[in-house]
Amino acid sequence: MRRLEGKLAVVTGAANGIGRASALRFATEGANLAIMDLEAGGLEKVAEEARAGGAKVLAIAGDCTKEEFIAPSFKRIYDEFGFVDVLMNNVGQSARERASEFYKSEPEVWRFVIDITLFSTLTASRQVVPSMREAGRGKIVNVASNAGMAGEVGIAEYAAAKMGVIGFTRSLARELAPFKVNVNAVCPGVTKTRVIERIPEDILEKIRAQIPLGYFAEPEDIAAAAAFLASDDARYMTGQSVVVDGGRWMI
């Protein structure tokens with residue numbers, strides 16, 4: 001549909017999974033890309049695929065949780081492209097192998113999860129808000145999670161961080177609404193990324209049984225929702241949390 005023709009979309013955490021699928025979807029919608037991730041090899045593969053489809057791509061490898069990486073990276077993006085039309089904050093992570101019930105959890109794990117999930121979203125957003133305000137346009141799409149709404153045993157800090165993303169989305173949406181800047185969140189359920197490989201099959205079966213549609217999302221399912229929120233088709237939506245989880249959590 002080429003809904004992002006000629007626009008620039010920045011995607012953090014773009015080397016794999018939802019970030020990769022979203023960056024490539026944005027490219028098929030006509031966007032040029034600036035993509036960031038810690039994994040340089042995977043990032044360059046995404047860049048090559050997007051370039052093959054005609055997109056101009058700037059790939060910057062580094063740690064998106066570090067302001068000393070984010071700030072100069074966005075300066076480079078602005079120097080090369082002039083304006084960021086779309087920012088997708090995709091960086092985030094659960095405790096994974098360090099996950100536990102809260103009474104056994106450690107403060108260093110809380111800080112890690114909140115830093116990579118919430119603080120990275122704030123830091124990247126801070127880079128684009130001034131120019132979007134001035135221009136009177138722009139789209140910010142934050143990746144939250146249905147875990148923040150439903151709650152899950154063993155990932156309390158992740159649920160807290162993702163609800164933080166939702167709260168930030170709503171507050172920033174109100175702040176930027178007078179400037180015609182849209183801020184929304186997409187809230188995936190269990191999605192077939194590398195993370196799912198770490199979850200025991202018996203637990204996956206229990207989760208699958210709770211999903212009305214009966215199957216897990218592909219990264220492209222989340223990318224489709226992100227592309228909608230990044231486009232002018234969603235121009236009258238702001239501050240919303242779009243749940244894409246097969247009906248497990250219904251609002």
Side-chain angles (χ1 to χ4, degrees), residues 1-5 7-61 64 84-94 96 116-117 120-121 124 139-147 158 162 165 169 184-199 204 207-208 211 213 215-231 233-234 240-248:
M1 295 174 61
R2 310 292 288 186
R3 293 177 294 184
L4 303 177
E5 190 71 52
K7 295 186 177 181
L8 173 69
V10 177
V11 182
T12 66
N16 297 283
I18 291 170
R20 174 186 179 277
S22 297
L24 294 176
R25 176 59 184 265
F26 291 165
T28 64
E29 295 276 1
N32 295 315
L33 301 174
I35 53 177
M36 293 182 275
D37 201 292
L38 193 60
E39 297 184 27
L43 196 66
E44 189 52 41
K45 289 179 181 178
V46 175
E48 290 173 2
E49 190 170 346
R51 289 179 186 128
K56 181 180 179 182
V57 184
L58 174 63
I60 310 175
C64 293
V84 174
D85 298 278
V86 177
L87 168 63
M88 181 174 180
N89 287 305
N90 175 62
V91 170
Q93 186 178 311
S94 68
R96 296 183 180 175
I116 195 170
T117 302
S120 66
T121 297
K139 311 282 186 184
I140 297 175
V141 181
N142 297 322
V143 178
S145 171
N146 73 344
Y158 181 71
K162 288 300 189 180
V165 171
T169 299
N184 291 290
V186 60
C187 302
V190 177
T191 305
K192 292 181 182 178
T193 65
R194 293 182 302 178
V195 176
I196 204 172
E197 299 170 3
R198 302 169 183 262
I199 302 174
L204 289 176
I207 297 172
R208 189 182 288 110
I211 300 172
L213 285 179
Y215 60 92
F216 298 137
E218 299 289 344
E220 290 74 16
D221 295 316
I222 315 306
F228 166 69
L229 293 174
S231 77
D233 284 350
Q240 302 306 307
S241 302
V242 179
V243 179
V244 186
D245 69 351
R248 188 181 183 204

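Residue numbers count from 1 along this sequence.
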Residues at least two apart in sequence or cross-chain that pass side-chain contact (heavy atoms from CB on, under 4.5 Å) with Thr169, listed by chain then number, are Asn142, Val165, Val183, Ala185

The complete set of salt bridge (charged side-chain N to carboxylate O under 4.0 Å, His left out) pairs with one or both residues in residues 220-229, sequence neighbours excluded, reads none

By salt bridge (charged side-chain N to carboxylate O under 4.0 Å, His left out), Lys45 pairs with (sequence neighbours left out) none

d(Ile140 CD1, Asp85 CG) to nearest 0.5 Å is 12.0 Å

In short, Ala227 meets Arg25 closest at the heavy-atom pair CB-CG, 3.7 Å

Sequence neighbours excluded, the answer for side chain to side chain donor-acceptor pair (under 3.5 Å) partners of Asn90 is none

In Leu229, Thr12, Val10, Val143, the residue satisfying side-chain contact (heavy atoms from CB on, under 4.5 Å) with Met88 is Val143

Salt bridge (charged side-chain N to carboxylate O under 4.0 Å, His left out) filter on Arg248, not counting sequence neighbours, yields Glu152

Here the pair of heavy atoms bringing Leu4 nearest to Ser231 is CD2-CA, 3.9 Å

What one should report as the nearest heavy-atom pair of Phe216 and Leu204 is CZ-O, 3.4 Å

Which pairs would a plain distance check flag for residues 31-42, meaning a side-chain donor or acceptor within less than 3.5 Å of a matching protein atom at least two apart in sequence or in another chain?
{"unit_1": "Asn32", "atom_1": "OD1", "unit_2": "Lys56", "atom_2": "N", "d": "2.9"}
{"unit_1": "Asp37", "atom_1": "OD1", "unit_2": "Glu39", "atom_2": "N", "d": "2.9"}
{"unit_1": "Asp37", "atom_1": "OD2", "unit_2": "Ala14", "atom_2": "N", "d": "3.2"}
{"unit_1": "Asp37", "atom_1": "OD2", "unit_2": "Ala15", "atom_2": "N", "d": "3.0"}
{"unit_1": "Glu39", "atom_1": "OE1", "unit_2": "Asn16", "atom_2": "ND2", "d": "3.1"}
{"unit_1": "Glu39", "atom_1": "OE2", "unit_2": "Arg194", "atom_2": "NH1", "d": "3.4"}
{"unit_1": "Glu39", "atom_1": "OE2", "unit_2": "Arg194", "atom_2": "NH2", "d": "2.8"}

Those residues at least two apart in sequence (or on a different chain) that pass salt bridge (charged side-chain N to carboxylate O under 4.0 Å, His left out) with Glu48 are none

From the list Ile116, Val11, Thr121, side-chain contact (heavy atoms from CB on, under 4.5 Å) with Val91 holds only for Ile116

Correct closest heavy-atom pair for Ala234 and Phe228 would be CB-O, 3.3 Å

By side-chain contact (heavy atoms from CB on, under 4.5 Å), Gln240 pairs with (sequence neighbours left out) Asn184, Met237

Hits for salt bridge (charged side-chain N to carboxylate O under 4.0 Å, His left out) against Glu44, two or more places apart or cross-chain, chain-then-number order -> Arg51

Applying side-chain contact (heavy atoms from CB on, under 4.5 Å) to Thr191 and not counting sequence neighbours gives Ile18, Pro188, Thr193, Ala217, Pro219, Ile222

One should read off an interatomic distance between Glu49 CD and Arg20 CZ, to the nearest 0.5 angstrom, of 4.5 Å

Tightest non-hydrogen contact, residues Ala225 and Val244, listed as CB-CG2, 3.8 Å

With sequence neighbours left out, the residues meeting side chain to side chain donor-acceptor pair (under 3.5 Å) with Asn146 are Asp245

Closest heavy-atom pair, Ala47 versus Val57, reported as atoms and distance to 0.1 Å, is CB-CG1, 3.7 Å

